[in-house]
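All heavy atoms count here, side chains included; hydrogens, waters and symmetry mates do not. Bear in mind that the values here come from a model prediction, so they are computed numbers and not experimental data. One-based numbering, in listed order, for ligands and for the atoms of each.
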Amino acid sequence: MFKKIILLALSLSLVFFSSCKGEIQLEAQTQIALGTVCSIKLPKGTKNSVYEECFKILSNVEQEISRTREDSYISVLNRDKKVQTNTEVFQLFEYAIDLAKESEGKFNIAMGKVVSLWDIGGSNQRIPSSLELNEAKIDYNEIILDKANLSISIPSNMEIDFGALGKGYAGDKLRDYLKSVELDKAIVNLGGNVLVIGNKSENQPWTIGLQDPNDIEKIFVALKVEDLSIVTSGTYERFFYQEGIKYHHILDPNTLYPSESDILSSTIIGKDSLICDSLSTTCFLLGREKALEFMKNYEDYSAFFLLSDNSIVTSDNFNYEYRVFEN
Ligand code: ADP
Ligand code: MG
């Protein structure tokens with residue numbers, strides 16, 4: 001665990017590689033939250049209470065949706081098969097179910113039981129038997145949403161997992177808070193979910209590096225962005241090898257096995273972190289061809305994919321400046 005966190009911390013610093021140089025000096029504070037390394041970079045001299053409030057927001061999100069907190073809404077739902085939520089979490093359910101329908105069921109929060117059986121990156125990671133996998137209920141149409149009472153019910157043998165959108169949800173909360181206290185420059189990194197506020201200086205966007213899936217200590221591309229979220233999903237984050245085969249943490253609801261996508265690293269850029277986070281996972285699962293078609297429904301969001309043959313493709317509307325590194 002410790003080794004993994006050091007590695008993650010190292011990789012996060014690479015994400016900031018070129019954003020630290022230049023006129024504006026940012027200062028980072030880092031904590032573990034939402035199961036990952038979360039780093040908040042704010043202009044030097046920002047009051048400590050602002051950083052503290054940011055980490056409190058992350059802790060509140062954990063309290064709402066983390067599967068490792070026994071009393072989160074999600075844990076209660078997974079245990080009791082029924083829970084009453086708050087409005088925001090209820091809306092997350094509505095959003096996730098809409099996305100499941102839109103993505104031919106590839107993005108599926110009802111995969112919780114399957115996610116637990118594989119436990120990729122956890123202490124019990126293993127290949128589950130097909131018997132175990134087939135016992136899991138994953139039909140998101142069986143999630144019952146009672147809007148009047150903000151209550152959610154699921155059948156036995158189903159569990160909910162917000163792993164593919166939780167950090168995005170948290171990112172939007174941090175952005176709203178930082179803007180409410182009038183911070184106009186910041187870089188937030190929640191385990192690879194990056195959010196930038198403002199720009200580096202007038203006419204100069206921030207530069208954000210994306211981790212190279214073939215060598216996670218390097219970046220393979222630097223992107224110029226301002227006031228946006230940049231979220232990447234890939235197989236290099238959580239995985240294990242068995243008999244030479246790589247098993248990673250983005251699971252295909254059709255096979256209940258790790259997705260055999262032709263995308264190595266799927267990045268979505270746009271305003272809301274929640275949308276970027278959920279779409280990056282969705283695009284990964286859809287694979288290049290369907291993902292590019294799917295992204296046409298999201299004209300305010302752009303995609304940047306590194307494919308398994310190491311070529312790069314972008315969505316038609318992608319118009320950010322970028323530079324590729326030969327590693
Ligand atoms: P990360 O959280 O590591 O940045 P993602 O955002 O791509 O990566 O989310 C992957 C996580 O989403 C998995 O660890 C698991 O919790 C969950 N998940 C796995 N398969 C699916 C799926 N088909 N649909 C929705 N969530 C999934
Ligand atoms: Mg995601």
Side-chain angles (χ1 to χ4, degrees), residues 4 7-8 11-12 15 33-38 61-62 65-68 74 78 92-93 95-122 125 128 133 136 138-140 143 158-172 189-195 210-211 213 216 229-240 247-261 263-270 272-287 290-291 301 303 305:
K4 210 181 279 169
L7 201 67
L8 252 169
S11 58
L12 294 189
V15 170
L34 299 168
T36 190
V37 180
C38 295
V61 168
E62 265 193 348
I65 62 171
S66 166
R67 291 181 77 185
T68 56
I74 300 298
N78 287 341
L92 273 185
F93 273 90
Y95 171 77
I97 291 169
D98 283 347
L99 183 54
K101 290 177 182 158
E102 246 180 81
S103 65
E104 304 171 5
K106 288 287 190 194
F107 184 88
N108 185 353
I109 55 165
M111 289 277 284
K113 202 130 203 169
V114 177
V115 171
S116 303
L117 283 168
W118 283 94
D119 194 30
I120 311 256
Q125 56 186 10
L133 288 171
I138 63 156
D139 183 356
Y140 56 86
I143 304 173
M158 181 182 284
E159 285 182 12
I160 301 297
D161 185 291
F162 273 2
L165 54 70
K167 287 182 284 174
Y169 169 63
D172 288 336
N189 189 341
L190 312 178
N193 278 43
V194 179
L195 166 74
L210 302 185
Q211 230 175 324
I216 58 162
S229 301
I230 309 101
V231 179
T232 304
S233 287
T235 63
Y236 54 94
E237 290 162 355
R238 290 178 204 197
F239 61 86
F240 68 89
Y247 297 93
H248 63 81
H249 74 318
I250 303 176
L251 302 168
D252 188 334
N254 297 113
T255 60
L256 310 181
Y257 262 61
S259 164
E260 290 187 18
S261 179
I263 299 177
L264 275 183
S265 153
S266 159
T267 298
I268 305 293
I269 303 180
D272 290 340
S273 278
L274 170 65
I275 297 181
C276 289
D277 192 3
S278 47
L279 294 191
S280 67
T281 312
T282 304
C283 284
F284 185 93
L285 283 153
L286 287 171
K290 285 188 171 169
Y301 289 80
F305 303 140

Asp277-ligand 1 polar pair, N/O distance under 3.5 Å: yes
Test of proximity, Gly163 against ligand 1: N or O pairs below 3.5 Å: yes
Nearest neighbour of atom 19 (C) of ligand 1 from the list His249, Arg67, Met111, on a heavy-atom basis: His249
Lys167, portion touching ligand 1 at heavy-atom distance under 4.0 Å: side chain
Non-hydrogen atoms of Ser233 and Phe284 that approach each other most closely: O-CD1, 4.0 Å
Ligand 1 N/O within reach of Ala164 N/O, cut-off under 3.5 Å: yes
Parallel, tilted or perpendicular: ring planes of Tyr257 versus Trp118, cut at 30 and 60 degrees: perpendicular
Asp161 N/O to ligand 1 N/O under 3.5 Å: yes
Contact partition for Ser259 relative to ligand 1, non-hydrogen atoms under 4.0 Å: neither
Sub-4.0 Å heavy-atom contact, Gly192 with ligand 1: no
For Ala164, all residues meeting side-chain contact (heavy atoms from CB on, under 4.5 Å), sequence neighbours excluded: Phe107, Thr281
N/O separation below 3.5 Å, Ile250 to ligand 1: no
Ligand 1 N/O within reach of Asn193 N/O, cut-off under 3.5 Å: no
Protein N, O or S atoms lying under 2.8 Å from the Mg ion (ligand 2), listed by chain and number: Ala164 O, Asp277 O, Asp277 OD1, Thr281 OG1
Min N/O separation Arg238 to ligand 1 under 3.5 Å: no
Main-chain N/O of Glu159 paired to Asn78 side chain as donor or acceptor, under 3.5 Å: no
Per-residue contact class, Leu285 against ligand 1 - non-hydrogen pairs under 4.0 Å: side chain
For Thr232 against Glu237, the heavy-atom pair lying closest together: O-OE2, 3.3 Å
